[in-house]
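These notes are about the structure you will find just below.
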Protein chains: 2
Amino acid sequence: MHATLRDANPELTPSVEDYLKVIYHLSNQGGFAATSDIAAMLDVAPPSVSGMVKRLSETGLIEHVPYRGVQLTAQGRRAALRMIRRHRLLELYLTQQLGYDWGSVHAEAERLEHAVSDELIDRMARALGDPQYDPHGDPIPTAAGEIEEAELVSLADVSVGTKLELRQVGTQDPARLRYFAEQGLTPGVLLTITDRQPFNGPTTIGLVPSGDPRVVGRELALLLWCREVPITDHGYASR
Amino acid sequence: MHATLRDANPELTPSVEDYLKVIYHLSNQGGFAATSDIAAMLDVAPPSVSGMVKRLSETGLIEHVPYRGVQLTAQGRRAALRMIRRHRLLELYLTQQLGYDWGSVHAEAERLEHAVSDELIDRMARALGDPQYDPHGDPIPTAAGEIEEAELVSLADVSVGTKLELRQVGTQDPARLRYFAEQGLTPGVLLTITDRQPFNGPTTIGLVPSGDPRVVGRELALLLWCREVPITDHGYASR
DNA sequence: TTGAAAGTTTAGTGTAGTCTAATGTTGACG
DNA sequence: CGTCAACATTAGACTACACTAAACTTTCAA
Ligand SMILES: [Mn+2]
Ligand SMILES: [Mn+2]
Ligand SMILES: [Mn+2]
Ligand SMILES: [Mn+2]
């Protein structure tokens with residue numbers, strides 16, 4: 001009965017939802033997601049991925065080119081963005097409304113994203129004022145499935161003298177996140193590059209407007225995604 | 001993004017958690033929970049229950065007497081009460097903090113209860129002021145696993161003239177719950193029995209203090225669990 | 001140009017949980 | 001006190017999703 005209605009809104013398993021998210025992240029710049037990369041991100045064995053890939057392409061969520069990798073179909077991309085919206089809204093809700101620290105929200109959201117209803121996500125979004133960014137600065141897709149594609153540069157790749165706004169922190173590791181928070185390195189912060197040592201050495205930055213210096217090794221600098229900001233001659237726009 | 005798919009710890013599955021809750025409710029008065037009753041409550045076939053019963057008794061969560069039924073062990077009871085605490089706190093959080101109506105919270109909590117962490121439950125409980133009752137008046141077990149056992153009578157069984165406080169509403173059916181709310185029949189309300197028709201006929205009650213009458217058929221009256229309240233001679237204690 | 005390393009898929013196994021059909025057990029009542 | 005209907009269990013099949021071991025494909029360097 002009403003097979004078409006049911007098939008139009010097929011229920012995805014938590015496993016499938018996590019695979020789609022990972023494939024989205026790995027094939028973001030239009031390329032293919034490789035079996036072994038998916039396996040590493042999900043912490044499963046490569047043959048488990050091959051098995052899931054077969055199921056996902058049979059249901060039309062991905063396109064598989066054997067020995068090459070996979071890409072999301074339009075339907076798969078829609079499902080992935082829906083999960084990413086849920087994940088990021090949950091992260092923000094937990095930090096803003098329940099006092100979670102930005103290092104611990106990821107694990108919690110990773111489970112809740114599969115259990116919440118669309119109505120609950122709506123209500124949380126409304127309670128937060130339909131926010132655009134999650135606690136780590138990542139853009140929250142709209143309910144319609146649109147997502148902002150910002151052009152950001154890694155702090156490790158910017159030359160000395162540039163003024164930047166820190167926009168996204170590219171890790172979910174609680175220890176690294178807590179360290180960044182201690183250093184005042186959270187999305188929205190303004191800074192200038194004051195020095196970089198050769199041979200992949202550390203970058204020295206100055207926080208704006210305080211001027212407080214911070215020294216950031218290459219491993220961490222690669223996680224700090226920034227937007228260039230035009231330098232004003234004297235002083236900085238307040239706030 | 002990792003570690004959620006495969007977890008080596010002896011965590012209970014969502015299925016197991018739901019079975020334990022149902023067995024708790026069915027064997028509450030010290031009796032046995034019957035296979036077919038468990039099956040009906042979970043909407044699965046009886047052989048599915050037999051299979052699960054085997055697994056649960058092997059893990060020490062229940063005691064099985066073949067052809068008789070099952071009972072929770074101390075360990076099983078602890079796990080069941082932990083789930084009931086989660087379920088009821090979630091229901092209350094959704095109604096109080098996110099504007100849910102008491103008819104829709106059950107379905108949402110039924111899924112979320114398996115996904116939330118102990119920390120999240122703690123934070124929600126604190127945000128609510130460590131509440132004792134859920135939106136339907138059911139007692140919330142403490143984190144230590146204690147639960148209030150109230151002695152309540154069904155509105156269908158009380159004789160005319162009695163004064164009562166409505167304490168619990170014994171259904172999760174959204175339609176019935178919405179109807180009760182429309183009629184002002186929510187936990188905490190005071191009322192007096194003014195009439196009952198014979199042959200399982202309807203009960204007429206008066207709301208206190210307004211005196212507004214309500215006529216409640218036996219099917220619904222059986223769902224309204226009350227505590228007797230001593231009648232004061234003239235007027236009623238305010239609020 | 002070839003051969004081995006790196007990466008991917010196939011083959012086979014296991015666990016959890018569901019189902020239907022068949023069989024076994026219990027207890028109420030005629 | 002025996003029969004049978006209701007209830008419970010066993011038997012066997014199926015799906016989803018993981019694993020290891022083995023086979024296969026691609027790539028890259030000698
Ligand atoms: Mn997840
Ligand atoms: Mn995030
Ligand atoms: Mn549940
Ligand atoms: Mn409830």
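Per chain, numbering begins at 1; letters A, B, ... match sequence-line order.
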- Task: Extract, from 5' to 3' on DNA chain C, the first and final nucleotides lying under 4.0 angstrom from some heavy atom of chain B.
- Result: dA16(C) to dG27(C)
- Message: I'd like to check Glu63(B) versus Ser57(B) (side-chain heavy atoms, cut-off strictly below 4.5 Å). Are they in contact?
- Response: no
- Query: So which one's nearest nucleotide on DNA chain D is more toward 5', Ser36(B) or Thr13(A)?
  - Reply: Ser36(B)
- Heavy-atom pair of closest approach, residues Leu222(A) and Ser154(A): CA-OG, 3.3 Å
Find the distance [X]:[atom1] to [N]:[atom2] and express it as a whole number of Å.
{"X": "Tyr67(B)", "N": "dT10(D)", "atom1": "OH", "atom2": "P", "result": "7 Å"}
{"X": "Arg68(A)", "N": "dT26(D)", "atom1": "CZ", "atom2": "P", "result": "8 Å"}
{"X": "Tyr19(A)", "N": "dA16(D)", "atom1": "OH", "atom2": "C1'", "result": "11 Å"}

- Residue of the set Arg88(B), Arg86(B), Lys21(B) for which side-chain hydrogen bond (donor to acceptor under 3.5 Å, both in side chains) holds with Glu113(B): Lys21(B)
Just by distance, with hydrogens left out, do [X] and [Y] show a side-chain donor and acceptor under 3.5 Å apart?
{"X": "Ser117(A)", "Y": "Glu108(B)", "answer": "yes"}
{"X": "Arg196(A)", "Y": "Thr203(A)", "answer": "yes"}
{"X": "His87(A)", "Y": "His106(A)", "answer": "yes"}
{"X": "Gln168(B)", "Y": "His136(B)", "answer": "no"}
{"X": "Glu148(B)", "Y": "Tyr133(B)", "answer": "yes"}

- Is the NZ or CZ atom of Arg123(B) both under 6.0 Å from the centre of the six-membered ring of Tyr100(A) and within 45° of that ring's axis? yes
- Note on the structure: So, with a heavy-atom separation below 4.0 Å from DNA chain C, the residues of residues 21-33 of chain B are none
- Query: Where along residues 48-66 of chain B does a heavy atom fall under 4.0 Å from DNA chain C?
  - Reply: Ser48(B), Met52(B), Arg55(B)
- Message: Run the side chain to side chain contact (heavy atoms under 4.5 Å, CB included) test on Val65(B) and Val70(B) for me, step by step, so that the C-alpha distance in whole Å, both residues' side-chain angles and the decisive distance to 0.1 Å come before the verdict.
- Response: CA-CA 6 Å; Val65(B) 181; Val70(B) 300; over 6 Å; no
